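For reference, the structure discussed in these notes is given below.
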Amino acid sequence: MVMSRHRTPACRERITLDEAEAALVEHYTGLVRLAYLTLPPTLGRHHKILAAHGLVQRALPGFRLRTAALRVPAQRLGPERHGSAWVRERVLRAALVYERRPRGWPASLPPPRALRPTLPVVWGLRLFPRAGGREEIALGQALSGLSADARAAFVLCRADGLPEAQVRALLCAAGARRPDRALRAARQLDAPAVAAAQTLLRSAEFDACAVQTRPTDLLRRRHRLRLAWAVAAVVAVGAVMLAATGASTGQRPSRPVVGAAPVGHDDLVRASRDAWADTARLDFTAWPPRGGRTDDRDLLARALATWTHPASGTRITRTPGTLTAPPLPGTQLLYAGEADGSAVVLFHDGRRAVRYTEPLSTASFSPSHATLTFARTDNSDMTTAAALVVSRTHGTARYLTAPWFTGARTRDLLRPGGPARRLRVSADGVTEPVRRPAATGSCASWPTLELRPAARITGDHAFLTTDLGGLAPVHLTHTPLPGGEAPTWQPREVAGTAALESWSRTACRLPDLPDGVRTVNVWDFAEQPLPEGGGRAVWSCVRADTWRGPGEVTVRFTAPGVAGRVVARERATAACSRYGPRVVASGRWRAPSGQGYLLAAGSQGVVGVEVAGAVRASEEGRFLAVRAPADERARVSARLAGGGELVEVGGSAEN
């Protein structure tokens, strides 16, 4: 057992080594879970597991504490024994160090290694927690977008069941700088029910004590072992030669610098043709290599060499948050072929999809003619790993579709009643050219790619995707108005007249979204009767989630005879997602009589709406309509059925 070098806080009561050890053993699983979820996601699951166990074991003091507290002990906030609270504080204090930066340290760089505790060493094995379901994966992605303090607050409140006052005191004692902000962020991320959050956090996805082991790259280990023996032999021969030539004893031969071996074309992972049919993990790892040049060693060597050491003049593009680092061991080959006058190679390394292109028309290869495109694709699934763009030319794009799709069509979102046109797909899975949406100018049409999977995958559900300029097309979904048999908030595939008509009012605003979008969902959360017999208006929340995690939300208001308009916008929020299923929004509307109204609507779960400011009014239920001049400011909030208050999304926008 490695003993901790951290000093004991001076404000603690007397505690013996036996008490600390008993508390650590009794609550070991919960302490490891707290450390595992507090640690930054950039460590990776293997390193997070090792770090979590190391932090908990190092929390045991290396000596008996004989000095009493210098101050009166703080009041106990629950029945928890003092030894448990003491060990939990030690673990939390050590876990928060991983994201702590010195004053003036750039926020874009990770904390210096000197400030982070060392990890236990495990040779030849990789550790992973057992995979959870869609809810656990979504919760993990949401937690990754929070700070370490907020993640810790969420776990302490929802998994350990501690009251907020005790959590705030624990965060302060552990060195958190803004505990109130951390608690507020944890509340905003809360699941629809506390019991559901507790169940998710205690599932196998977040249990660092029940792990699976896999070997590391065996061939790579063999190559490195041989390389180490070769380096040792060279060093030995050099030492003998220096000794034989009478080298001075005061001079030492320089130590050879050995870097990591680059990934070669023989090291690429190639999935079997039917791997997708024999696995429950449908993502890019199940794609077999396709294309007419998968055995072209020269092309693959040039692609990997350009990726590893891009020459001057190489055109490189990437989506935000995507690293352009050299290929990692285990990089997978997805495609190597020719399309639209270029040789194209597609790779995937677990976190990124990478496309390499070079023209076919040049007589000799030049690095200045090559292009590299990087896109973040970690935690992909059956729908977000549906296709990759092979080439773009003359306003069209060709896609390499996933092997589990049996048919492809193209559909115009702006014509919901129009038929979908069938697309030709080659034996390698590459589509014929598909017209791309216009990024600028008039929005006369919005082409999409509709993919139909094999019946054994999802039955008769097709998936709708669109090209927003990235390497991976964006998955489009729809959540209808409440009232059906399905849960109130559950995104579904875009199928049927209602979903297509809702998207026809939204498609032209897709170019306003940020780069690196993963999915876009349109949620029609309320249908409001308008004053003066003006018909019924639909409130829709359009949520775009990026591969990095943060989402962007816009609220659209559509009244009869009026095109849908955006009335609210908010960035980096959980609103309109499964972690923010309660929303309220407001906007201005002018009746045919010329009278102006302030309208507000809430989703299910809202039992009252109130407006304050220059205009004051309140209504029971989900809707509010009050006469108001267009230039007067107002703040809208809602009361929830389970208690609490909800502020409107983004605030009122321009009419």
Side-chain angles (χ1 to χ4, degrees), residues 42 44 46-47 108-110 126 216-228 230-231 234 255-271 284-285 287 289-291 293-339 342-360 362 364-378 380 388-391 400 470-472 516 547:
T42 54
H46 172 76
H47 290 99
S108 59
L109 298 179
R126 303 288 295 178
T216 56
D217 192 334
L218 300 179
L219 293 179
R220 175 64 58 197
R221 285 164 52 189
R222 180 180 298 178
H223 293 161
R224 289 179 176 176
L225 182 61
R226 291 175 179 175
L227 180 61
V231 171
V234 171
R255 181 179 301 174
V257 179
V258 181
V263 175
H265 52 78
D266 292 331
D267 302 321
L268 293 173
V269 175
R270 298 171 182 248
F284 289 110
T285 61
W287 280 34
R290 289 172 287 176
R293 300 183 68 174
T294 54
D295 295 325
D296 190 335
R297 299 167 64 91
D298 293 336
L299 173 62
L300 298 180
R302 289 196 301 271
L304 290 170
T306 304
W307 182 2
T308 305
H309 300 291
S312 176
T314 303
R315 296 185 295 275
I316 300 176
T317 59
R318 67 181 183 92
T319 56
T322 307
L323 299 177
T324 59
L328 301 172
T331 296
Q332 184 177 352
L333 176 63
L334 303 182
Y335 177 83
E338 298 177 1
S342 298
V344 182
V345 184
L346 290 172
F347 302 103
H348 187 258
D349 67 353
R351 293 184 60 86
R352 302 168 293 175
V354 181
R355 183 181 63 201
Y356 167 86
T357 60
E358 64 178 39
L360 297 174
T362 55
S364 59
F365 172 75
S366 172
S368 61
H369 299 150
T371 301
L372 283 173
T373 304
F374 296 85
R376 186 169 174 176
T377 55
D378 51 323
S380 59
L388 289 174
V389 176
V390 175
S391 64
L400 177 66
L471 188 53
W547 288 96

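Counting from 1, the numbers follow the sequence of the chain as shown. This structure is a prediction, so every number in the text was calculated from the model and none was measured.
Looking at heavy atoms from C-beta onward, Leu346 lies out of side-chain contact with His348 at the 4.5 angstrom threshold. Between Phe284 and Thr377 the shortest side-chain heavy-atom distance falls below 4.5 Å. Side-chain contact between Val344 and Leu400 is absent, with no heavy atoms from C-beta onward closer than 4.5 Å. Counting only heavy atoms from C-beta outward, the side chains of Leu333 and Val345 approach each other to under 4.5 Å. Side-chain contact between Thr324 and Leu372 is absent, with no heavy-atom pair separated by less than 4.5 Å.
Not counting sequence neighbours, Tyr335 has no partner by the ring-ring contact (aromatic ring centres under 6.0 Å, His included) test. Checked against side chain to side chain contact (heavy atoms under 4.5 Å, CB included), Ala343 has the following partners two or more places apart in sequence or in another chain: Arg293, Leu299, Glu358, Leu360. When the salt bridge (charged side-chain N to carboxylate O under 4.0 Å, His left out) test is applied to Arg352, the partners found at least two apart in sequence or on another chain are Asp349.
Scanning both residues, Pro289 and Ala271, for their nearest heavy atoms gives CD-O, 3.2 Å. Nearest heavy-atom pair, Leu471 versus Ala353, reported as atom, atom and distance to 0.1 Å: CD2-O, 3.4 Å. Annotation for Pro320 and Gly516: closest pair CD-N, 4.4 Å, computed over non-hydrogen atoms. Considering all non-hydrogen atoms of both residues, Pro327 and Thr308 come closest at CD-OG1, 3.4 Å.
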* Asked: Step by step, would you call Tyr356 with Thr306 a side-chain contact (heavy atoms from CB on, under 4.5 Å)?
  -> CA-CA 8 Å; Tyr356 167 86; Thr306 304; 3.7 Å; yes

* Let me see the working for Ile316 and Phe374 under side-chain contact (heavy atoms from CB on, under 4.5 Å), right down to the final yes or no. => CA-CA 8 Å; Ile316 300 176; Phe374 296 85; 3.8 Å; yes

* Given side-chain contact (heavy atoms from CB on, under 4.5 Å), test Asp267 with Thr331 step by step and report yes or no. => CA-CA 8 Å; Asp267 302 321; Thr331 296; over 6 Å; no

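Between the side chain of Arg270 and the main chain of Thr294, a donor-acceptor pair closer than 3.5 Å is present. Judged by distance alone, with hydrogens and angles left aside, the side-chain atoms of Thr322 form no donor-acceptor pair with the main-chain N or O of Ala375 at under 3.5 Å.
Between Trp307 and Phe347, the angle of the ring planes lies from 30° to 60°, which puts this pair in the tilted group.
Each of Leu334, Val389, Leu388, Thr317 was compared with Arg355 under the side chain to side chain contact (heavy atoms under 4.5 Å, CB included) criterion, and only Val389 meets it.
For Arg297, the CZ atom counts as loosely surrounded, since its 6.0 Å shell holds 12 or fewer non-hydrogen atoms of other residues, nucleotides or ligands.
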